[in-house]
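Here the structure comes first, spelled out in structure tokens, and everything after it is commentary.
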There are 2 protein chains.
Amino acid sequence: MNDDLPLALPPGRDRRLARGEALFRAGDPALGLVLVREGALELVRLSSEGRRLILHRAKAGDTFAEASLFESHHHCDAICAAPGFVTIYGVADLRRAAMADLDLAWRVAAHLAARLVAERARAERLALPHAADRLLDMLHALPPEPDGTRRIGCSWKSLAAELGLSHEATYRALARLERAGLLRREGRDRVRLPVVPPS
Amino acid sequence: MNDDLPLALPPGRDRRLARGEALFRAGDPALGLVLVREGALELVRLSSEGRRLILHRAKAGDTFAEASLFESHHHCDAICAAPGFVTIYGVADLRRAAMADLDLAWRVAAHLAARLVAERARAERLALPHAADRLLDMLHALPPEPDGTRRIGCSWKSLAAELGLSHEATYRALARLERAGLLRREGRDRVRLPVVPPS
DNA sequence: GGGCAGCTATGACCGGGATCATATGAATGA
DNA sequence: TCATTCATATGATCCCGGTCATAGCTGCCC
């Protein structure tokens, strides 16, 4: 998702995170740009009725909370989904660095644009009326590994929350798709999708 | 949405648009940053089954297709929803200007961050399971006018497409909400929402 | 003016997603 | 090790959103 961006950043603060620990909560003053070095983070919003929606998931190598660079406060919770550590780049530091490095701000912008495109794809997916469609769309978007399988990288329950579905609907859709031969689960968090003939 | 951004931009190309005309189509080479000067534009994606999802709507004063600054091709259609004209700032021009103006790239990034936040709010809305909830959430997000009403600025049918709902479900939700006293329509595209006591 | 397209609106029907309940297996921590 | 929590899984039921049909209305263009 971001290859060159972190390389040119000024030194940041490291912070270790345990599973379930919050890096920040809604209402906290904005941290700045967060780079996940190890483990995984989830950006979570809890609705008033207790529904849990996952707005973004970042694994090692991804940046996180990019938009908070330009906000005074966070408006979501950041929860550690897999233990690891992150590096935090404060706003002021980054701003200063951007003034020295003509290209840095442009790369930050490019990075935000990529996130925006991803978010639009997500919105498009959430507008699909059927659980199976949302699921397949999301799975097809995952990068296939050399052996042809795709790793979801989290529990199916979390994936359900990311798709705006109840986990029951997700398991049912999985079972139906598997019966229909449109999907095969291999191990805990891997799926194989049939090769579609190029249109 | 963007106050200072256009002011510091280099001169761009103007283009007039008629209702229904496409500024660009999916697959076209990226135009660059588009500023809507008059009228309204919609970023539309047509699904394979013919469903029409509105990904973004921009009215006079808003920017449009910001992410295309960093993409080689468009992947949505841009359709004129209300006749008017736009100014187009090419990528190369903007990039050059960013090299001269240390702050411009940073402002572009800030702008993209704001769009990202808005898009996340949209995704959150699309994850709401009930039509009435999505509708109310969207309407509450509209800025109220001095008289307390809110202008939706488009047809209810378009709003339905933006909410990922069929227009029938939208009309039904509207009627139900109106019966329940949670909403009152005033004229063609205005609603009044009851004042909620601060929690 | 007349005709046509598109928006607004509502009814009937069906399928599927939310919810609640329950059960088993897996993982995690004391 | 054992217990507790959590993920996985499936069944029953209800509700509601999608779809199709129909109709009045608005606005627009010739």
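Quick caveat, the model's predicted, so the values are computed rather than measured. We name chains A, B, ... by the order of the sequence lines, and we start the count at 1 in each one.
Using modelled atom types, no side-chain atom of A/Glu71 and backbone atom of A/Ala30 make a donor-acceptor pair closer than 3.5 Å. Formation of a donor-acceptor pair under 3.5 Å by the A/Asp77 side chain with backbone atoms of A/Val44 is not found in this model.
Listed by chain and residue number, nothing satisfies the side chain to side chain contact (heavy atoms under 4.5 Å, CB included) test with B/Ala60 (two or more places apart in sequence, or in another chain). Every side chain to side chain contact (heavy atoms under 4.5 Å, CB included) that A/Ala40 has, sequence neighbours left out, goes to A/Ala81, A/Ala82. By the salt bridge (Lys or Arg N to Asp or Glu O under 4.0 Å) test, A/Arg151 pairs with A/Glu145, sequence neighbours left out. With sequence neighbours excluded, no residue satisfies side-chain hydrogen bond (donor to acceptor under 3.5 Å, both in side chains) with B/Ser166. Residues passing the side chain to side chain contact (heavy atoms under 4.5 Å, CB included) test with A/Arg179, sequence neighbours excluded: A/Ala175, A/Arg176. Every residue meeting the side chain to side chain contact (heavy atoms under 4.5 Å, CB included) condition with B/Arg37, not counting sequence neighbours, appears here in chain and number order: B/Asp14, B/Leu35, B/Phe85, B/Thr87. Partners of B/Arg134 under the salt bridge (Lys or Arg N to Asp or Glu O under 4.0 Å) rule, at least two apart in sequence or in another chain, do not exist in this structure.
Along DNA chain C, the stretch of nucleotides lying under 4.0 Å from any heavy atom of chain B spans, 5' to 3', C/dC7 to C/dA12.
Between A/Arg190 and A/Asp147, at least one side-chain nitrogen of the basic residue sits less than 4.0 Å from a carboxylate oxygen of the acidic one, meeting the salt-bridge criterion. Residues B/Arg15 and B/Glu21 are paired through a salt bridge, judged by an N-O separation under 4.0 Å between the basic side chain and the carboxylate.
In the hydrophobic clustering (ILVMFWY side chains linked at under 4.5 Å, chained through shared members), B/Leu177 is joined by B/Leu135, B/Leu136, B/Met138, B/Leu139, B/Leu142, B/Ile152, B/Trp156, B/Leu159, B/Leu163, B/Leu165, B/Tyr171, B/Leu174, B/Leu182, B/Leu183, B/Val191, B/Leu193.
With the end axes of the helix from C/dG1-D/dC30 to C/dA30-D/dT1 each set by five pairs, the angle from one to the other reads 50° at 10° resolution.
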Give me the distances for all protein-to-nucleotides 4-6 of chain D N/O pairs that come in under 3.5 Å?
none

In B/S/- notation (B base, S sugar-phosphate only, - none; protein heavy atoms under 4.0 Å), nucleotides 12-28 of chain D written 5' to 3' is B---SSBBB--------
